[in-house]
A.B. asks: 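To start, I am sharing the structure in question, which I have written as structure tokens.
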Amino acid sequence: MRKFVDGFTHKVGAHCESTALRDVFEHLGFSFSEEMLFGLDGTFGFIYWKRKDSIPPLGVGGKVAMFPHKLPSLLGFNVKEGTTTSQKRAWNHVKELIDRDIPVILHADMAFLDYMRIPKNGEHFGAHTIVLAGYDLERREAYVADSKFPGLQTVSLENLVKARSSTFKPFPPRNMWFEFTLPQKLKPLDQAIKAAITETAKNMLEPPVKIFGINGMRYLANDITNWPKILPQPRLSHTLLLGYVWIEEAGTGGSVFRKLYSGFLREASDVLRNEEIKKASQLITESGNTWTDVAKMLLKGSKTSNLNETIDILTEVKEKITKCAEFEEKAFKLLKTTKL
């Protein structure tokens with residue numbers, strides 16, 4: 001038996017979560033850009049974490065939450081998070097939704113997705129977001145939409161089960177799926193935009209602890225030159241390489257989600273006819289370009305075993321990240337004080 005969700009289409013996107021949301025919203029009859037949905041969910045931010053139980057023990061992130069965060073309440077729809085420890089129940093439930101022509105957003109450990117072609121000893125990430133859009137029981141295959149891949153991708157049912165039930169930390173997917181209930185008409189977009197911008201500006205300027213927001217960026221800038229003292233050479237090189245990946249490659253849309261968020265602000269400025277928001281968008285774009293420079297420098301640092309050269313690179317990285325903090329502080333102060 002073979003089944004595809006009738007009428008479902010996928011367009012390539014920048015970030016797994018916001019691409020999945022855009023595809024599902026489009027299928028349900030609501031057209032939003034990926035940037036708009038990303039910004040409205042209020043997950044954008046910054047975090048610099050130091051965790052002894054993590055490999056590597058240092059990390060950089062441009063999101064501070066996962067969907068569903070602010071999007072359902074701001075647009076006025078319901079989303080139910082389903083999870084189960086039973087692999088059989090997990091499959092039967094989403095199969096039933098597909099049979100009813102309902103595409104299903106899932107969390108999956110990307111290391112088990114066939115089309116990703118990740119080495120067996122590669123990185124595990126269980127918060128990767130995909131859309132299940134079909135299956136073939138005879139071929140024992142499932143068909144999913146995944147942000148950067150055009151069309152639907154094929155994954156064996158066996159590996160989809162593994163991807164959904166993976167126990168690898170720090171983000172085991174727990175067989176999670178999401179069910180949407182949307183009204184005929186959503187809440188006004190302009191009000192949703194205002195609330196989302198206000199929330200994100202507060203999070204960036206007034207974070208609860210120093211690892212988040214603008215404070216987190218300055219914390220990273222001041223600490224990054226200490227990395228060679230904290231990490232032995234092989235682990236340092238690995239951390240610098242991952243720093244490049246976290247900023248530029250790992251589904252961030254480039255520049256640790258700054259390109260996506262600047263796009264949201266650009267669209268928001270048009271909706272609200274607010275020039276101050278457009279100026280903030282330009283500042284975030286400048287910060288994003290500088291973050292891309294940081295990523296390239298970290299990549300360069302990962303390829304050298306010369307400690308003095310690494311220290312020189314990280315000293316320059318410190319200056320670049322400090323500049324990013326200045327751009328973003330200016331942008332979010334502008335957003336905080338402008339009349340929305």
Side-chain angles (χ1 to χ4, degrees), residues 9-46 62-77 79 105 129 147-148 180 182-183 185-205 251-292 324 327-340:
T9 58
H10 164 65
K11 292 184 290 186
V12 171
H15 170 49
C16 64
E17 206 171 78
S18 47
T19 300
L21 287 169
R22 188 220 36 223
D23 285 350
V24 169
F25 266 79
E26 190 76 31
H27 181 77
L28 295 174
F30 295 93
S31 183
F32 290 96
S33 69
E34 178 184 0
E35 292 84 355
M36 179 58 69
L37 290 173
F38 176 79
L40 288 178
D41 201 31
T43 62
F44 174 85
F46 186 82
K63 287 185 64 179
V64 294
M66 293 168 57
F67 173 83
H69 190 49
K70 296 295 180 180
L71 192 64
S73 61
L74 292 184
L75 289 183
F77 68 93
V79 57
I105 291 180
T129 306
S147 56
K148 66 179 181 179
F180 291 71
L182 271 67
K185 187 176 181 181
L186 297 173
K187 289 182 178 180
L189 180 59
D190 58 342
Q191 296 302 314
I193 289 172
K194 292 175 184 178
I197 288 176
T198 299
E199 176 80 10
T200 301
K202 180 180 179 181
N203 291 339
M204 289 297 289
L205 296 171
T252 71
S255 65
V256 73
F257 295 101
R258 270 57 192 163
K259 287 182 181 178
L260 272 172
Y261 197 73
S262 65
F264 162 70
L265 291 178
R266 200 159 48 245
E267 193 172 340
S269 72
D270 291 337
V271 173
L272 300 180
R273 297 180 181 179
N274 187 309
E275 286 299 314
E276 300 295 282
I277 297 177
K278 186 170 290 185
K279 291 176 184 177
S281 172
Q282 292 166 351
L283 287 165
I284 298 298
T285 295
E286 290 193 62
S287 178
N289 292 337
T290 308
W291 274 112
T292 294
C324 290
F327 281 133
E328 297 191 26
E329 183 173 46
K330 187 174 181 181
F332 285 104
K333 282 185 175 179
L334 195 60
L335 292 172
K336 182 181 178 180
T337 58
T338 189
K339 186 176 181 180
L340 296 175

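The figures here come from the full heavy-atom set of this structure, side chains too, leaving out hydrogens, waters and symmetry mates. Positions are given from 1 along the sequence.
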A.B. asks: What's the spacing between Thr200 OG1 and Leu205 CG if we round to 0.5 Å?
C.D. replies: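 Between Thr200 OG1 and Leu205 CG, I get 10.5 Å after rounding to 0.5 Å.
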A.B. asks: Does some side-chain heavy atom of Lys11 sit less than 4.5 Å from a side-chain heavy atom of Thr19?
C.D. replies: no
A.B. asks: Test Phe30 against every option in Leu75, Val24, Leu182 by the side chain to side chain contact (heavy atoms under 4.5 Å, CB included) rule and name the one that passes.
C.D. replies: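 The passing option is Leu182.
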A.B. asks: Determine whether Leu74 and Lys187 make a side-chain contact, defined as any pair of heavy atoms from C-beta on separated by less than 4.5 Å.
C.D. replies: no
A.B. asks: Step by step, would you call Phe77 with Leu71 a side-chain contact (heavy atoms from CB on, under 4.5 Å)?
C.D. replies: CA-CA 8 Å; Phe77 68 93; Leu71 192 64; 4.0 Å; yes
A.B. asks: The test is side-chain contact (heavy atoms from CB on, under 4.5 Å); show your working for Ile277 and Ile193 and say whether it passes.
C.D. replies: CA-CA 11 Å; Ile277 297 177; Ile193 289 172; 5.5 Å; no
A.B. asks: Within this structure, what is the OH-OG distance for the pair Tyr261 and Ser287, rounded to the nearest 0.5 Å?
C.D. replies: 12.5 Å
A.B. asks: Are the side chain of Ser281 and the backbone N or O of Ser262 linked by a donor-acceptor pair below 3.5 Å?
C.D. replies: yes
A.B. asks: Assign the ring pair Phe25 / Phe32 to parallel, tilted or perpendicular, where the plane angle (0 to 90°) is split at 30° and 60°.
C.D. replies: perpendicular
A.B. asks: Using a strict cut-off of less than 4.0 Å between a Lys/Arg side-chain nitrogen and an Asp/Glu carboxylate oxygen, indicate whether Glu17 and Lys63 qualify as a salt bridge.
C.D. replies: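 Salt bridge between Glu17 and Lys63, a charged N being under 4.0 Å from a carboxylate O: yes.
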A.B. asks: Would you mind reporting whether Ile284 and Glu328 have side-chain heavy atoms less than 4.5 Å apart?
C.D. replies: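 Sidechains of Ile284 and Glu328: in contact.
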A.B. asks: Any side-chain donor paired with an acceptor under 3.5 Å for Asp41 and His69?
C.D. replies: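 Not at all, the side chains of Asp41 and His69 share no donor-acceptor pair under 3.5 Å.
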A.B. asks: For a quick test of reading the model, state the closest non-hydrogen atom pair linking Val79 to Pro68 and the distance between them.
C.D. replies: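 In this case the closest contact between Val79 and Pro68 is CG1-CB, 3.7 Å.
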A.B. asks: Nearest heavy-atom pair of Ser255 and Gly288: which atoms, and what distance?
C.D. replies: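 Taking Ser255 first and Gly288 second, the nearest heavy atoms are CB-O, 3.0 Å.
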A.B. asks: Within a strict 4.5 Å, meaning less than it, do heavy atoms of the Lys330 and Lys333 side chains meet?
C.D. replies: no
A.B. asks: Rounded to the nearest 0.5 Å, what's the gap from CZ on Phe327 to OG1 on Thr290? Could you check?
C.D. replies: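 One finds 5.0 Å between CZ of Phe327 and OG1 of Thr290.
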A.B. asks: State, to 0.1 Å, how close Ala280 and Leu334 come at their nearest heavy-atom pair, and which atoms those are.
C.D. replies: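 Scanning both residues completely, I find the closest heavy atoms to be N-CD2, 3.8 Å.
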A.B. asks: Just verifying a value: how many Å separate Ile197 CD1 and Phe264 CZ, rounded to the nearest 0.5 Å?
C.D. replies: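 It comes to 4.5 Å.
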A.B. asks: Thr285 and side chain to side chain contact (heavy atoms under 4.5 Å, CB included): which partner among Arg258, Lys259, Arg266?
C.D. replies: Arg266
A.B. asks: Can you check whether Phe257 and Phe38 have ring centres sitting under 6.0 Å from each other?
C.D. replies: yes
A.B. asks: Assess whether a salt bridge exists between Glu199 and Lys202, defined as any Lys/Arg side-chain N lying under 4.0 Å from an Asp/Glu carboxylate O.
C.D. replies: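 Salt bridge between Glu199 and Lys202, a charged N being under 4.0 Å from a carboxylate O: no.
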A.B. asks: How far does NE2 of His15 sit from CG of Leu37, to the nearest 0.5 angstrom?
C.D. replies: 11.0 Å
A.B. asks: Yes or no on side-chain contact (heavy atoms from CB on, under 4.5 Å) for Asp270 and Lys278, after CA distance, side-chain angles and deciding distance?
C.D. replies: CA-CA 8 Å; Asp270 291 337; Lys278 186 170 290 185; 4.0 Å; yes
A.B. asks: Can you check whether Leu189 reaches Met36 side chain to side chain, under 4.5 Å on heavy atoms?
C.D. replies: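 Yes, at least one pair of side-chain atoms sits under 4.5 Å.
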A.B. asks: Once you round to the nearest 0.5 Å, how far does CD1 of Ile105 lie from SG of Cys16?
C.D. replies: 10.0 Å
